[in-house]
Amino acid sequence: MKLLFDENLSPKLPRLLANLYPSSVHARDCGLLGGTDTALWEFARDQGYCLVSKDSDFQQRSLLYGHPPKFIWLRIGNCSLLQLKDLLTFHHLEIHKFEIDPLTSILSIS
């Protein structure tokens with residue numbers, strides 16, 4: 001599973017989660033830092049990534065356009081990098097099931 005982490009998340013996440021989510025990247029690594037939501041959405045769609053963000057705008061976009069890309073909405077407040085890593089680790093089976101579900105566009109995690 002390839003995750004694309006939005007710029008509102010730590011750029012360290014792809015490295016910290018590489019064993020569970022290989023080939024994942026951060027928006028910064030793709031030249032998308034400071035880019036529009038549309039640019040991030042289209043990059044994720046075109047490159048086969050599942051978009052991960054705290055941004056509710058992507059939830060609205062996903063409801064409007066469906067997938068691809070699939071969207072993982074992290075509905076959490078401020079938290080440490082370790083807490084975020086633990087959250088995505090704890091939910092890794094759910095995330096992998098979400099990836100192969102042909103009907104689901106959004107996975108909300110809190």
Side-chain angles (χ1 to χ4, degrees):
M1 164 158 251
K2 295 175 15 175
L3 303 179
L4 172 60
F5 294 99
D6 192 4
E7 66 182 72
N8 62 14
L9 301 170
S10 172
K12 295 177 182 178
L13 284 170
R15 180 180 49 80
L16 293 174
L17 295 165
N19 61 326
L20 295 174
Y21 309 105
S23 303
S24 295
V25 295
H26 188 270
R28 177 184 73 173
D29 302 324
C30 304
L32 296 167
L33 198 59
T36 64
D37 287 352
T38 299
L40 194 63
W41 182 268
E42 290 175 354
F43 182 86
R45 180 195 65 210
D46 295 344
Q47 300 301 316
Y49 285 97
C50 178
L51 184 56
V52 182
S53 181
K54 291 182 178 183
D55 190 345
S56 64
D57 291 347
F58 290 115
Q59 184 259 355
Q60 295 165 1
R61 186 179 296 262
S62 188
L63 289 173
L64 183 62
Y65 298 113
H67 63 280
K70 290 190 171 233
F71 173 57
I72 298 173
W73 186 15
L74 301 178
R75 300 187 65 183
I76 54 174
N78 291 334
C79 63
S80 71
L81 175 60
L82 181 58
Q83 289 171 314
L84 194 52
K85 177 188 174 276
D86 289 346
L87 181 73
L88 290 166
T89 298
F90 180 79
H91 288 281
H92 79 278
L93 291 177
E94 183 180 0
I95 291 169
H96 284 287
K97 287 179 185 176
F98 167 67
E99 175 190 25
I100 61 172
D101 182 346
L103 302 177
T104 308
S105 296
I106 303 169
L107 175 62
S108 178
I109 296 176
S110 53

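Because the structure is predicted, anything quoted here is derived from the model rather than measured.
Gln59 is linked by a side-chain hydrogen bond (donor to acceptor under 3.5 Å, both in side chains) to nothing, counting only residues two or more places apart in sequence or in another chain. In terms of the ring-ring contact (aromatic ring centres under 6.0 Å, His included) criterion, residue partners of His96 (sequence neighbours excluded) are, by chain and number, Tyr21. Remark: Gln83 pairs with Ser80 by the side-chain hydrogen bond (donor to acceptor under 3.5 Å, both in side chains) rule, at least two apart or across chains. Qualifying ring-ring contact (aromatic ring centres under 6.0 Å, His included) partners for Phe58, counting only residues two or more places apart in sequence or in other chains: Phe71.
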Mind listing the side-chain donor-acceptor pairs of residues 26-34 below 3.5 Å, one per line with the distance, residues two or more places apart or on another chain?
residue	atom	partner	partner atom	Å
His26	ND1	Arg28	N	3.0
His26	NE2	Asp6	O	3.2
His26	NE2	Leu9	O	2.7
Asp29	OD2	His26	N	3.3

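At distances below 3.5 Å, not a single donor-acceptor pair connects side-chain atoms of Lys85 with backbone N or O atoms of Lys12.
If you take CG on Leu3 and CG on Leu51, they are separated by 9.5 Å, rounding to the nearest 0.5 Å. Residue Gln47 holds its CD atom at 11.5 Å from CD of Glu42, rounded to the nearest 0.5 Å. Rounding to the nearest 0.5 angstrom, the gap separating the CG atom in Leu40 from the CZ atom in Arg45 is 12.0 Å. Note that the CD1 atom of Ile76 and the CG atom of Leu84 stand 5.0 Å from one another [nearest 0.5 Å]. Separating the CG atom in Leu107 from the NZ atom in Lys70 is a distance of 9.0 Å, to the nearest 0.5 Å.
At least one side-chain heavy atom of Phe5 sits less than 4.5 Å from a side-chain heavy atom of Leu17. Looking only at side-chain heavy atoms (C-beta outward), Arg61 and Thr38 come within less than 4.5 Å of each other.
The minimum heavy-atom distance between Ser56 and Trp73, with the atom names listed, is CB-CZ2, 3.6 Å. For the pair Met1 and Cys50, the tightest heavy-atom approach, listed with the atom from each and the gap, is CE-CB, 4.0 Å. The nearest pair of heavy atoms linking Trp41 to Pro69 is CE2-CD, 3.3 Å.
A chain of hydrophobic side-chain contacts below 4.5 Å, direct or via other Ile, Leu, Val, Met, Phe, Trp or Tyr residues, connects Val52 to Ile95. Criterion: ILVMFWY side-chain heavy atoms under 4.5 Å apart, direct or through other members. Under it, Leu20 and Leu16 are part of a common hydrophobic cluster. With hydrophobic clusters built from ILVMFWY side chains whose heavy atoms lie under 4.5 angstrom apart, Phe90 does not share a cluster with Phe98.
Listed by first and then second residue, the side chain to side chain donor-acceptor pair (under 3.5 Å) pairs that reach into residues 98-110 are His67-Ser105, Asp101-Thr104, sequence neighbours excluded.
Each of Leu93, Leu87, Thr89 was evaluated against His91; a single residue qualifies, Leu87, per the side chain to side chain contact (heavy atoms under 4.5 Å, CB included) test.
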